[in-house]
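Note sheet for the following structure.
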Amino acid sequence: DGGITQSPKYLFRKEGQNVTLSCEQNLNHDAMYWYRQDPGQGLRLIYYSQIVNDFQKGDIAEGYSVSREKKESFPLTVTSAQKNPTAFYLCASSIFPDPNTEAFFGQGTRLTVV
Amino acid sequence: KNQVEQSPQSLIILEGKNCTLQCNYTVSPFSNLRWYKQDTGRGPVSLTIMTFSENTKSNGRYTATLDADTKQSSLHITASQLSDSASYICVVSAGGGSQGNLIFGKGTKLSVKP
């Protein structure tokens, strides 16, 4: 099955810990994205990558880091510098550079600080 | 400032009835407008994507319209089903080669009751 897979579905983080969210796609898409979704809010862009070994900050990159060592993978690390990390995190991918193609989303990871 | 506003915030309808969701945007430059369906706790799934030159597009019981002059879009759902209960998100692409320029609305939460 072609698609985009996020893991884990639920993640709990203790204060001061770094955690890494996984995102893998087998759609052969060049571009990948990480979004954060809070209740009653629109999705906000954290980081995006248009090509392997390159990525750009989005609107709310502070306290997050990413890597893009492989085309298929775009992991997101939530660092201890992110003061309010409890949220629903969504990964997406799309063909680049055509802006008029679909963005496909994973099923999300719900991160909770305990 | 680029913005996407959706109305109503929430809506309750009876199964079998029709409904229309609204989206107003102030995004420049405009590339395309998308409607996504998001089930609770899941990732968004694309319903339609429309470019500047398209003013209507259908996907089964979903029909989206776009008026680029007034910067308004609507999503019409015909003969609603219980499975239509979800949040519907309007997304506008601010152009350029990257889809890192997507502007998300906060969504309309639709509840379909038997």
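Not measured: the values here are computed from a predicted model.
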- Query: Taking atom types as modelled, is there a side-chain donor on B:Ser73 or B:Trp35 under 3.5 Å from an acceptor on the other?
  - Reply: yes
- Task: Would you mind checking which part of A:Gln37 comes under 4.5 Å of any heavy atom in chain B, side chain (CB onward), backbone (N, CA, C, O), both or neither?
- Result: side chain
- Query: After noting the C-alpha distance and the side-chain angles of B:Arg34 and B:Leu102, does the key distance pass the side-chain contact (heavy atoms from CB on, under 4.5 Å) rule?
  - Reply: CA-CA 10 Å; B:Arg34 309 143 185 247; B:Leu102 297 182; 3.8 Å; yes
- Which is it for A:Arg68 and A:Asp54 under the salt bridge (charged side-chain N to carboxylate O under 4.0 Å, His left out) test, yes or no, and what are the steps along the way? CA-CA 7 Å; A:Arg68 187 86 186 276; A:Asp54 186 52; over 6 Å; no
- Message: For A:Ser65, run the side-chain contact (heavy atoms from CB on, under 4.5 Å) check against A:Asn18, A:Thr77, A:Thr20, A:Leu76 and tell me which one passes.
- Response: A:Thr77
- Message: Is it the case that the side chain of B:Asn59 and the backbone of B:Leu47 share a donor-acceptor pair, with hydrogens and angles ignored and the cut-off at 3.5 Å?
- Response: yes
- Item | Flag for A:Thr86-A:Thr112: side-chain donor and acceptor within less than 3.5 Å | no
- Message: How about CZ on B:Arg42, more than 12 heavy atoms from neighbouring residues, nucleotides or ligands closer than 6.0 Å, or not?
- Response: no
- Of the options B:Val92, B:Thr51, B:Val27, which is the one that meets B:Leu33 in a side-chain contact (heavy atoms from CB on, under 4.5 Å)? B:Val92
- Note on the structure: If one checks every heavy atom of B:Gln6 against chain A at 4.5 Å, the contacting part turns out to be neither
- Message: Is the distance between the ring centroids of B:Tyr36 and A:Phe105 under 6.0 Å?
- Response: yes
- Message: Is a donor from one side chain sitting under 3.5 angstrom from an acceptor on the other, for B:Glu5 and B:Gln22?
- Response: no
- Message: Is A:Leu90 close to chain B through its backbone or its side chain, or both, or neither, when contacts mean heavy atoms under 4.5 Å?
- Response: side chain
- Item | Residues from residues 81-90 of chain B approaching chain A under 4.5 Å (heavy atoms) | B:Ile89
- Item | Pair B:Lys71-B:Asn24, side-chain donor/acceptor within less than 3.5 Å | no
- Heavy-atom contacts under 4.5 Å, residues 103-114 of chain B to chain A: B:Phe104, B:Gly105, B:Lys106
